[in-house]
Amino acid sequence: LLAFLLISCNSPKGNQEIRPEATSVTVSKVILTDAVYYDEYPAMVNALDLVHLRAQVSGYITKINFQDGQKVKKGQLLYSIDDQVYQANYNQALADVQVQEANLVKAQKDADRYHELDKNDAIAKQQVDYADATLEATKKLVAAAKANLASLKSRVKFTNIIAPFNGTIGISEVKIGTAVVAGQTILNTISNSQPIAVDFTIDQKEIFRFEQLQQDKNILKDSIFTIAFGENIFPEAGTISFIDRAVDPQTGTIKVRLIFDNKDNLLKPGMNTTVRIKNINSNKYKLIPYKAVTETLGEFRVYVVGDNSIVNQRQVKLGRQIGDDVIVIDGLDVGETVVVEGVQNLHEG
């Protein structure tokens, strides 16, 4: 061993400085560009017109006059409820009106006759007063009978359930023969999905920005508002319909509604989606690949390649991520080179 050491010390190679081998990495330049990105908000698709059909009278379903999922017209007959009892009550009330009207005619004639006799002092004043009172009471009875008739007529009418507006009807909740209870049983749902609404909430700090977007007449042309379902982007752009009247004091948020053309009926009420709002800021941004960034205890760093391919780690302040890239707010200059892949094999210097 001693002989080996002596030989090694005398060897020319023993005096050479040992340098580390180069590490193979992938690098990228810091670029300045007009970055286009989208602010994203979770949202829900809602119909502008939607109503749950409920029976206004109790009874058994006797007819269903549509197919599930069919387009229906305003005023179209949808359901029929057994109206035999309601029709019988209506007929009875109609007869009662006729009886009371006949009594009114008699009371009117009696009153007229007694007044003629009273002009000649041929009848007691008390008889005339009784005739007038009977006439007024009979008029009240006629009015009450007519009111009852109108009520029962509406009940007969309510046995036929019609579409309140043009739209699409859903799957029926009842079948022929089902007993329904007035005001409780939901028969079906009708909605109009053209156009259609998309609702989402924003922080109160963003209200001023959205008010400006609402007033911009070029929003639809510029496709500022779009919605996405995963990787799929809905082809039509939307516009702001309204911003809600007040901020929710508990959450500090406010609702915004967008309107989208839905002529192909691709959007269905109840769908969850993501609202994408295009950044319209004209500033230029410094971009680097997001893979170049490492994070430690909330601080972001990158390896910057200097002279002689020596790397130095530098702390940076980041902005929004845009696809595979990220905006650098501070810490790097345009044109500098950062390591993108192979970072795990590097260390300072």
From CD1 (I171) to CG (N188), nearest 0.5 Å: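 The CG atom of N188 is 8.5 Å from CD1 of I171, to the nearest 0.5 Å.
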Does this structure show an ion pair linking [X] with [Y], if we count only N-O contacts that are shorter than 4.0 Å?
{"X": "E116", "Y": "K119", "value": "yes"}
{"X": "K106", "Y": "D110", "value": "yes"}
{"X": "K146", "Y": "E101", "value": "yes"}

Is a side-chain donor or acceptor of [X] paired with a backbone partner of [Y] at a separation under 3.5 angstrom?
{"X": "N91", "Y": "Q87", "answer": "yes"}
{"X": "T273", "Y": "A228", "answer": "yes"}
{"X": "T138", "Y": "T134", "answer": "yes"}
{"X": "Q76", "Y": "K73", "answer": "yes"}
{"X": "N272", "Y": "M44", "answer": "no"}

Show me the pairs that pass salt bridge (charged side-chain N to carboxylate O under 4.0 Å, His left out) and involve [range], at least two apart or across chains.
{"range": "residues 37-53", "value": "D39-R209, D39-R320"}
{"range": "residues 339-349", "value": "K291-E341"}
{"range": "residues 147-175", "value": "none"}

Residue pair E211, I243: steps toward the side chain to side chain contact (heavy atoms under 4.5 Å, CB included) verdict: CA-CA 8 Å; E211 290 285 359; I243 299 173; 3.9 Å; yes
Residues 248-266 side chain polar contacts: donor-acceptor under 3.5 Å, at least two apart:
{"unit_1": "D248", "atom_1": "OD1", "unit_2": "Q250", "atom_2": "N", "d": "2.9"}
{"unit_1": "T251", "atom_1": "OG1", "unit_2": "T253", "atom_2": "N", "d": "3.4"}
{"unit_1": "T251", "atom_1": "OG1", "unit_2": "T253", "atom_2": "OG1", "d": "2.7"}
{"unit_1": "R257", "atom_1": "NE", "unit_2": "D199", "atom_2": "OD1", "d": "2.7"}
{"unit_1": "R257", "atom_1": "NH2", "unit_2": "D199", "atom_2": "OD2", "d": "2.8"}
{"unit_1": "D261", "atom_1": "OD1", "unit_2": "Q194", "atom_2": "NE2", "d": "2.7"}
{"unit_1": "D261", "atom_1": "OD1", "unit_2": "K263", "atom_2": "N", "d": "3.3"}
{"unit_1": "N262", "atom_1": "OD1", "unit_2": "L266", "atom_2": "N", "d": "3.1"}
{"unit_1": "N262", "atom_1": "OD1", "unit_2": "L267", "atom_2": "N", "d": "3.0"}
{"unit_1": "N262", "atom_1": "ND2", "unit_2": "S193", "atom_2": "O", "d": "3.0"}
{"unit_1": "N262", "atom_1": "ND2", "unit_2": "L267", "atom_2": "O", "d": "3.0"}
{"unit_1": "K263", "atom_1": "NZ", "unit_2": "E236", "atom_2": "OE2", "d": "3.0"}

Within a strict 4.5 Å, meaning less than it, do heavy atoms of the [X] and [Y] side chains meet?
{"X": "F210", "Y": "I240", "answer": "yes"}
{"X": "D307", "Y": "I310", "answer": "no"}
{"X": "I190", "Y": "F165", "answer": "yes"}
{"X": "I233", "Y": "R276", "answer": "yes"}
{"X": "R301", "Y": "T296", "answer": "yes"}
{"X": "I227", "Y": "F225", "answer": "no"}
{"X": "V180", "Y": "L187", "answer": "yes"}

ring-ring contact (aromatic ring centres under 6.0 Å, His included) evaluation trace for F158 with Y86: CA-CA 10 Å; F158 289 152; Y86 300 106; 9.8 Å; no
Residues that Y303 engages under ring pair (Phe, Tyr, Trp, His ring centres under 6.0 Å), provided they are two or more places apart: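 Testing Y303 for ring pair (Phe, Tyr, Trp, His ring centres under 6.0 Å), a comparison that skips the adjacent residues, returns none.
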Name each donor-acceptor pair under 3.5 Å that joins a side chain in residues 326-338 to protein atoms two or more places apart or in another chain, with its distance.
{"unit_1": "E336", "atom_1": "OE1", "unit_2": "R314", "atom_2": "NH1", "d": "2.9"}
{"unit_1": "E336", "atom_1": "OE1", "unit_2": "D333", "atom_2": "N", "d": "2.8"}
{"unit_1": "E336", "atom_1": "OE2", "unit_2": "R314", "atom_2": "NH1", "d": "3.1"}
{"unit_1": "E336", "atom_1": "OE2", "unit_2": "R314", "atom_2": "NH2", "d": "3.1"}
{"unit_1": "T337", "atom_1": "OG1", "unit_2": "K29", "atom_2": "NZ", "d": "3.2"}

Test of ring centre spacing under 6.0 Å for Y114 and Y130: no
V339: which of V304, T294, N345, V305 passes side chain to side chain contact (heavy atoms under 4.5 Å, CB included): V305
